[in-house]
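Notes follow the structure.
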Amino acid sequence: MIEVGSLKARMESTPGGLKTEEYFVNMGPQHPSTHGVLRLVLKMDGETVREVIPVLGYIHRSIEKIAEHLNGRQIVHLTDRMDYLSSAMNNWAVSLAVEEALQIELNPRIETIRTIVAELERIQSHLLWWGVLGIDLGAVTTFFYGFRDREMITDILEETTGARLTLNYIQPGGLMFDIHPHFVKRVKEVLAHLKIKICEYETLLSENVILQNRLRNVGILTSEKAISMGSTGPVLRGSGVALDLRKQKPYGVYGSVEFDVPVGSVGDSWDRYWVRVEEIRQSMRIIEQLIDNIPEGKFMVMKPAKKLTLPKKSYFGQVETARGILGVYIQGCEKEEPHRVHFRSPNFNNLWVITQIAPGGKMADLVATLSTLDLVIPDIDR
Amino acid sequence: MSEREATIFSLIQSCCSEVILNEGSGSFSIQVPSEKLVFVMEHLKKSESLAFVMLLDHLAVDWKEMGEFELVYQLYSFKLDQRIEVTTKIPRAIPNAHSVSRIWPIAEWQEREVYDLFGIYYINHPDLRRLFLEDDWKGFPLRKDYEDPFMLELVKE
Amino acid sequence: MSWEIQTIADRAAGATSMAEVGAYLVLGVVLGLAIVSLMGLILNYSERKICAHIQCRLGPMRVGFHGLLQPIADGVKLLFKEDISPRNADRLVYIMAPFISLLATFLIVVTVPFSPLVQIADLNIGVVYVAAVSGFGVLGVLLAGWSSNNKWSMMGAMRAGAQMVSYELSAVLALLTVVLLSQSLKLSEVVLSQEQGWWIFRAPVVGLVACVIFFVASCAEINRTPFDLAEGESELTAGFHTEYSGLRFALFFLAEFVNMFLVSAMLVTFFLGGWMPFHLGGLTGFNEVMDLLPPGIWFLGKVTVVVLLFMWVRWTFPRLRIDQVMNLEWKILLPIGFANLFLTSIVVLLDLYLF
Amino acid sequence: MGFLSREKISGTQVVGDKRISTVQAPRPQRKSFFFNLYFGTLSLLKGMRVTARYFFRPSTWVTQQYPENRQELKMFERYRAELTLKYDENGYHNCTGCKICDSACPNNSIKVIDREGPSGKQEIDRYIWRMDTCTFCNLCVMVCPHDALEMTGRFESSVLDRRLLVYQLNRYAGATKKNIEKSKDSESKDLLLKSFESRTFYEGAIPLSTSDEKGIFDGRI
């Protein structure tokens, strides 16, 4: 096969020969496959991407500044709006930090329900990602299948928490509500339903030759690069590093359940794809182990209006969201309002990976890579 | 402080004796003088027994009363399965710090974020521009003395 | 049963007065226009309904019974929309491009044999004409992308150009197979040659292979998923028609849908016997039962099936990448096409027909 | 056979001193030309079977036709769409105007205005809720000590002007029934009851829009 690069060099070396020119395109902020208001400035050579320059800030809401005026309980609802697809996990991260600061001991019921809700949230997030990946690669139908099944999970969450997306369910010291009486029954129904549907997903997309060709060896992220870029979650695991906070520093009741960490081998888009699909199964496995024996107890261990005075110390709460490690840094100063709040968002680090792995690929590869990185833009901008 | 953290701390202290433990943190945290920061960071990453290969997070805290910015780096080591918080303090009047983007590439963007919101100038940074805000934005919003006529304050009686 | 073929052009040629010739001329044009616009509406509606049902949705439900009037409502809406042209666009080309696109489809409608008696013109080099004119359709897309002065449109147009020209090759190779089998370039004779059985069944394997190749190639030619790189919504926002709005956009849309119908009609004509009822060699009794349905119904039925197939494919698969599209053509379809052509010549030489 | 092997490739990885059980992602296999052609086509046909199944089964279609199905559409009882004061069958609410919800609200959407009652006690004058800034976090309901608030599922609240999204929630101003019953002093009780009787009823939530306010009503009166 003739290398395009060498051909180009030959063309340019011949006097009066063909000349090609690199050009810039703006992908975004309004582009169907940037999933929000992300803007990528692309330096293109024909169809080939030469450089990617992300431009951020289109949805910067200064959550960190707002949080400096709110107390520990009020911050939680802001985190819903960061990574809106894993809002339960975001709430949990803040709650972890605040609970660590105030040394609140939780009962096993709270921990179990938190874990189940977080895993349900993870499944719905991955289902949405699966559907959107289809749309990015041109298979519009998968989008509807993914959303249809995700809808069942959001219905469960809605019944228990009163909201579909911005749950604000996990609060410092417990939960906003107790679980709904129908919760257990409906979760079981959904799990049974999903088990069948996942096989369908495999036939429709995973085994499809076109999808495999589109994802195989596209956007290869080696494990060294992934680590040095600080990427976490399925992106890092796709590169073959089994870093999962649920295993590493078990919070909730993750220490007592059995599950495997799916990892990739090459670190290309296919590995990231497969890791996410397998994570749905593993999450289902976790829920299955927990759903039958939710312990009895209170769902809130402190008075709902109790003052949360944070000591003058810094706390770092971490959870594994659907996209990686979310860290919440809270610096207290003997007041209800924290001195400084910082969110270490997984998407922020995962986004910059695109500058390293997209150049050299085709335009369509960039879309596939972006899609498998599974970015949620409000989480990057905060 | 657990036993393992004590060994890690002694390992770090053997390379740079000015490193002290940071008491103002809920987790394992060390404080480094700002001029030694890059040296210690390089040691933390390159040393085989430590191998803090991942820079999880970087942020700044504005201590207006003390006239200081506190820079916080969260590092993670796969080898030790340990997270460490490295902090350093720089004067608020001259907010200059050395960039660690040569050690961890991701620091390039994390430092851009801190520059954008705190106005901390990173020496040897390859591309120090604003990240979130517009290029002609005035002031650095996360500083405690930042004032914006359009900012909506919560009005509490 | 012998079929009497009489096209509108034939009738015009046999006319006695100039007025009669004129009448036939008008009839031909009106028939062509009617087919184009009617097919646009029907296919638009059915595409939306079918994709909706595949996707567990209901599709258009509000305008008319089950949304039957939706395409008309959309057409009216597009008619009244502001017609924007970009500031630095090449005005003349920009305005012309959608018409060129539609013209190409219109020119093919002329040759489609709907039934022995309904055909506008029956050229004796029909196959060559179809191949040539369908290549003309690329021009509209290319010009649209070029004149819009938009990088996304340009990319879409270039993709479309490369892809459509390449796949033309395979499509024509598949057509050549049938030309070999039926030993004629005239579309009506191609249909008549299938009186013993359709080529997809009658020619052992080679007919089927050629049919599949033609199906894939024409899928690429009319820019439908998995080959919709020219529009590639998630990559190029809308590809070559990014800048088009209002009526001009509607024309592109119409051309796309009518193209789908035409490609199906061609596939039916060449491989599924056109308007010819389902015959099996010398089984006279069976053939006569089949002949009870009029040929026009046979034709439309077959076209419906193929169009459904096109839609089914479109709403199932992801899109290919540009280099994979080229690989598929040059490394897979073309070699198979050539081998198939060679095998067909053997079939023809040795008279190896199934029945 | 095929592009993907079905068997599960388990393994372990050591991070720190923990052994982590992993599942390895299978690689899509590509072999000879005809292998790829056969299994490629097969995979496409399998995919088409899935979509065809849905096409022919109307029971799997999930579309809800919203404005038509208003009668059947029922939101879950916890659904958070509109903040309301709970009213009993006599039209009394429990709000004492203690302002706990006001201070718990993260974005100042609630403004409780008190007044001095006839007995000298604080009582509610107006309870103002701004839906336009509300994030429906439910904290007000959670912290309310008198169980006076609830979130209801009336989600059709779109209006054409943002100012119309400012509501007054209480239908009457004055002390709660409970407080009146509690007061032992019969004189003050009479006084309270008197004020209670003269209360003015409003129907439903009342948008507080005043066109002369510059821009948007900010809750400060």
Side-chain angles (χ1 to χ4, degrees), chain A residues 53-62 64-66 68-70 97 100-101 223-232 236 241-243 248-249 311-318 324-325 327 329-333 337 339-346 348-349 351-353 355-356 380-382, chain B residues 22-29 45 51-65 70 72 74-78 81-83 85 87 103-110 112-114 116-118 127 129-135 137 141-144 146 148 151-154 156:
Chain A
I53 309 158
V55 180
L56 300 178
Y58 288 91
I59 193 165
H60 183 68
R61 292 148 301 172
S62 201
E64 290 174 12
K65 183 83 178 175
I66 298 170
E68 285 175 13
H69 300 282
L70 304 177
E100 194 192 337
S223 56
E224 291 83 32
K225 211 177 239 174
I227 290 169
S228 73
M229 295 300 287
S231 56
T232 46
L236 181 63
V241 184
L243 177 70
Q248 219 68 38
K249 300 242 174 337
K312 192 167 181 177
K313 258 189 166 187
S314 68
Y315 298 93
F316 194 68
Q318 312 178 74
I325 295 174
Y329 180 93
I330 292 185
Q331 170 78 51
C333 59
E337 288 84 21
H339 185 72
R340 168 99 168 97
V341 179
H342 177 79
F343 298 103
R344 182 247 178 244
S345 69
F348 184 84
N349 293 25
L351 164 73
W352 297 103
V353 166
T355 62
Q356 310 282 314
I380 300 171
D381 281 359
R382 274 160 286 147
Chain B
N22 183 11
E23 296 298 337
S25 171
S27 50
F28 178 41
S29 170
K45 187 184 178 187
F52 283 94
V53 285
M54 193 190 240
L55 176 62
L56 270 178
D57 194 11
H58 171 44
L59 67 132
V61 183
D62 183 5
W63 295 104
K64 194 178 145 202
E65 300 80 38
E70 187 183 7
V72 183
Q74 308 276 1
L75 306 181
Y76 180 77
S77 165
F78 285 89
D81 183 21
Q82 175 71 37
R83 182 173 60 82
E85 210 173 275
T87 63
I103 311 170
W104 294 281
I106 187 64
E108 188 183 329
W109 294 286
Q110 291 175 343
R112 265 178 76 184
E113 186 197 334
V114 175
D116 189 356
L117 303 173
F118 280 92
D127 178 24
R129 286 180 294 129
R130 283 193 182 269
L131 186 64
F132 294 138
L133 307 177
E134 293 110 83
D135 289 342
W137 191 275
L142 277 186
R143 287 189 180 189
K144 288 283 172 192
Y146 176 78
D148 190 327
M151 195 157 73
L152 288 168
E153 283 283 349
L154 287 181
K156 300 254 168 173

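So you know, we letter chains A, B, ... as the sequences are listed, proteins then strands, and number each from 1.
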Cut-off 4.5 Å, heavy atoms of chain A, and the answer for B/E108 is neither

Whatever's closer than 4.5 Å to a heavy atom in chain B on A/K249 counts as side chain

Honestly, the part of B/P105 sitting under 4.5 Å from a heavy atom of chain A is both

The interface call for B/A60 against chain A, heavy-atom contacts under 4.5 Å, is backbone

Exercise for review: If the plane angle is over 60° it's perpendicular, under 30° parallel, otherwise tilted; pick one for A/F348 and B/F132.
Suggested key: perpendicular

Separation between OH (A/Y329) and OG (B/S27), nearest 0.5 Å, reads 8.5 Å

Output for pair (A/H342 NE2, B/E113 CD), nearest 0.5 Å, gives 5.5 Å

Rounding to 0.5 Å, atoms CG (B/L55) and CD1 (A/I227) come to a distance of 13.0 Å

Notebook entry, point to check: Do A/S228 and B/M54 pass the side-chain contact (heavy atoms from CB on, under 4.5 Å) test, and can you show the C-alpha distance, the side-chain angles, and the key distance before you say yes or no?
Noted result: CA-CA 6 Å; A/S228 73; B/M54 193 190 240; over 6 Å; no

Residues at least two apart in sequence or cross-chain that pass salt bridge (charged side-chain N to carboxylate O under 4.0 Å, His left out) with A/R340, listed by chain then number, are A/E64

Pair count under 4.5 Å, heavy atoms only, with chain B: among A/I325, A/I330, A/L243, highest is A/L243

**OP:** Go through the steps for B/R83 and A/Q248 under the test side-chain contact (heavy atoms from CB on, under 4.5 Å), then give the verdict.
**Re:** CA-CA 11 Å; B/R83 182 173 60 82; A/Q248 219 68 38; over 6 Å; no

Per-residue tally against chain A (heavy atom, under 4.5 Å) across B/L133, B/N22, B/D116, B/V72 peaks at B/V72

Heaviest contributor of heavy-atom pairs below 4.5 Å to chain B, chosen from A/E100, A/E68, A/K312, is A/E68

The reported gap from CD in B/E85 to CZ in A/F316 (rounded to nearest 0.5 angstrom) is 7.5 Å

Pair count under 4.5 Å, heavy atoms only, with chain B: among A/Q318, A/M229, A/Q356, highest is A/M229

When the 4.5 angstrom heavy-atom criterion is applied to A/V55 and chain B, the contacting part is neither

For the pair B/L117 and A/H60, evaluate side-chain contact (heavy atoms from CB on, under 4.5 Å) and give the outcome as yes or no after the intermediate values. CA-CA 12 Å; B/L117 303 173; A/H60 183 68; 4.2 Å; yes

Between the CZ atom in B/F78 and the OG atom in A/S223, the distance rounded to the nearest 0.5 Å is 9.0 Å

One should read off an interatomic distance between A/K65 NZ and B/R143 CZ, to the nearest 0.5 angstrom, of 11.0 Å

Correct closest heavy-atom pair for B/D62 and A/H339 would be O-NE2, 2.6 Å

From CA spacing to verdict: side-chain contact (heavy atoms from CB on, under 4.5 Å), B/Q110, A/W352: CA-CA 10 Å; B/Q110 291 175 343; A/W352 297 103; over 6 Å; no

If you tally heavy-atom pairs under 4.5 Å between each of A/N349, A/I380, A/T355, A/I59 and chain B, the highest tally belongs to A/N349

